[in-house]
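Structure first, then comments.
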Amino acid sequence: MAENNQQAGNPAQWSSRFAFIMAAVGSAVGLGNIWKFPYITGENGGGAFVLVYLACIAVIGLPLMMAEVMLGRRGGKSPIGTMERVAATEGRSKGWGGIGIMATLAAFLILSFYSVIAGWTMPYIVSAVSGEFSGIAAEESGALFGGLLASPGELLLWHSIFMGLTVLVSAGGVRHGLERAVTKLMPALFVLLLILVGYAMTTGHFGEAVSFLFTPDFSALTAEAVLVALGHAFFTLSLASGAMMAYGAYLKKDVSIARTSVVVAIMDTGVALLAGLAIFPIVFANGLEPGAGPGLIFVTLPVAFGQMPGGSFFASLFFVLLLFAAWTSSISMLESLVSYLNEKGVSRVKAAIGGGLVAWLVGITTVLSLNEWSGFTPLDMFARFEGKTLFDLYDYLTANIMMPLGALFTAIFVGWKMKPEHSAGELGGWHKVWFPVIRYLSPIALLIVFYFNLK
């Protein structure tokens, strides 16, 4: 795969730097930015949480993204195959391939519940097209969302359709499926978010939202909030999930890993902040609670669109593009497993169908945990997990344990086990700044977080 990927015009290789950036941004930008970031910011005190989150992106997220893309391009295989190959090249144990295994498992588990959440966008497209949001009040919007969550049959339908779409593109390959979509849809998503922020400025509560997002209140910041910020930094940048390694394997040698990673991180963070600036003025204008939980975007945005001139049109377009943002992210989650199975002789079509089918089956437990199994909290005997449904446990396990642990071992490998001259050859002049951060600061920061997590 490494040799094949370096051939000019290979359909398993990005056609340009722009294509890779859009694909990486497509992987990073998704429901985590627009669905999850606003509500976890509300739950964890606003401005102080945003500062910690930005620090996690800059100090840990960006260096790790550079490391993962570098490993992917150097190994030229699936995350598992890449770690085994690079470890062998560096004269290290094949056991380092465990990083790739953990990343692939994390991505698979995330995909199983991410597909359920992404499926929520589709009935909202139907509602927007039909004009159901026109003049809708906050209470009515909340009832609409609550009704969706209470219907396991409807959730299963949309989960199935979304997983089918993910498998469809994954089976079609890199350039002719994913690349064509992301190079058109991701720029459009940025434009629509800016339009929504423009509307939010007219609500009379934009200044309150800016203050909430950017005025730190460190008294509201807890050790758990720091852990949430770190976990979300991994989640939103698609780190420690194998996506960036897998995509790095398709990256041409003449593309700067460092500059490209910086652009991806900036664009990803920009979407998260724009989402907050778009949503919180609406939250405050309608007297809603900023820490209202996962349904925040699906309750507040319909209210906004229902009051905008041409709101049905913008709502339809927005939820379609949100669907595609989630779609490109889910494809990257499946890619780690598909590329590994492909290396083992399974055709890409069969690998995509098989991997997607198993993830779909696991996702059914998330569907049920939102309604029929909402009272099933199997780990109540442990205080840390008390009250957590299966969906909550999947989210916690991946975002707070598997991904940070995988990131820690990745930082140790590239900082201590990989020859510095090899990473310098991939990163160029950026290596002088990157190397001490990934070798010392990133592992220390990750260990501190684990300390507070295990207290």
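We're numbering straight along the sequence, starting at 1. Only heavy atoms go into these numbers, but all of them, side chains included; no hydrogens, no water, no symmetry mates.
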* To do: Go through Trp158 and Thr121 one step at a time and tell me if the side-chain contact (heavy atoms from CB on, under 4.5 Å) criterion holds.
  => CA-CA 9 Å; Trp158 299 121; Thr121 62; over 6 Å; no
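- Figure legend: cation-pi geometry between Arg439 and Trp416, with NZ or CZ positioned under 6.0 Å from the six-membered ring centre and within 45° of its axis.
- Defined by atom type and a distance below 3.5 Å, a donor-acceptor pair is missing between the side-chain atoms of Asn342 and Ser339.
- Judged purely by atom type and a 3.5 angstrom limit, Thr166 uses its side chain to pair as donor or acceptor with the backbone of Phe162.
- The shortest heavy-atom contact between Ala278 and Ile282 is O-CD1, 3.1 Å.
- The shortest heavy-atom contact between Leu189 and Leu322 is CD1-N, 4.5 Å.
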* Asked: Are Phe20 and Tyr247 close enough, and set up right, to give a ring pair (Phe, Tyr, Trp, His ring centres under 6.0 Å), and what steps lead you there?
  -> CA-CA 8 Å; Phe20 171 75; Tyr247 282 2; 7.2 Å; no
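- For the atom pair CG (Asp392) and CZ (Phe385), the distance works out to 11.5 Å, reported to the nearest 0.5 Å.
- Panel note: side chain Asp395, backbone Phe391; no donor-acceptor pair is recorded below 3.5 Å.
- Residues Asn371 and Ser374 bring no donor and acceptor atom of their side chains to less than 3.5 Å of each other.
- Between the Glu386 side chain and the Leu379 main chain, no donor and acceptor come within less than 3.5 Å of each other.
- Thr377 contributes no side-chain N or O that, together with a main-chain N or O of Gly387, makes up a donor-acceptor pair within less than 3.5 Å.
- Checking Trp360 against Ser160 by side-chain atom types alone, a donor-acceptor pair falls below 3.5 Å.
- For the pair Met267 and Ile21, the minimum side-chain heavy-atom distance is below 4.5 Å.
- Looking at Thr260 and Arg17, their side chains do bring a donor and an acceptor atom within 3.5 Å of each other.
- Between atom CD1 of residue Ile331 and atom OG of residue Ser170 there is a gap of 7.5 Å, rounded to the nearest 0.5 Å.
- Arg85 places no side-chain N or O within donor-acceptor distance of the main-chain N or O of Lys77, the cut-off being under 3.5 Å.
- Pairs passing the ring-ring contact (aromatic ring centres under 6.0 Å, His included) check and including a residue from residues 69-96, sequence neighbours excluded, read Trp96-Phe413.
- Atom NZ of Lys350 sits in a sparse spot, with 12 or fewer heavy atoms from other residues, nucleotides or ligands closer than 6.0 Å.
- Note on ring orientation: taking the six-membered ring where Trp is involved, the planes of Phe37 and Tyr53 are tilted (angle from 30° to 60°).
- Thr104 contributes no side-chain N or O that, together with a main-chain N or O of Pro79, makes up a donor-acceptor pair within less than 3.5 Å.
- Aromatic ring pairs are classed by plane angle as parallel below 30°, tilted from 30° to 60° and perpendicular above 60°; the pair Phe435 and His431 is parallel.
- Ionic pairing of Lys253 and Glu426 is present here: one or more N-O contacts between side-chain nitrogen and carboxylate oxygen are shorter than 4.0 angstrom.
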* To do: Check the pair Ser27 / Ser329 against side-chain hydrogen bond (donor to acceptor under 3.5 Å, both in side chains), numbers first and verdict last.
  => CA-CA 4 Å; Ser27 173; Ser329 294; 5.5 Å; no
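- With respect to Val69, the side-chain contact (heavy atoms from CB on, under 4.5 Å) criterion is satisfied by exactly one of Leu251, Val255, Leu427: Leu251.
- Side-chain N or O atoms of Glu68 include one that pairs as donor or acceptor with a backbone N or O of Ala240 at under 3.5 Å.
- Under the 3.5 Å distance criterion, the side-chain polar atoms of Thr365 are matched with a main-chain donor or acceptor of Val362.
- Side chain of Asp268 to main chain of Ala265: no donor-acceptor pair is present (N/O by atom type, distance under 3.5 Å, no hydrogens or angles).
- Remark: side-chain polar atoms of Arg92 are paired, donor with acceptor, to backbone N or O of Lys417 under 3.5 angstrom.
- Residues Tyr340 and Glu335 have side chains that never bring a donor and an acceptor to within less than 3.5 angstrom of each other.
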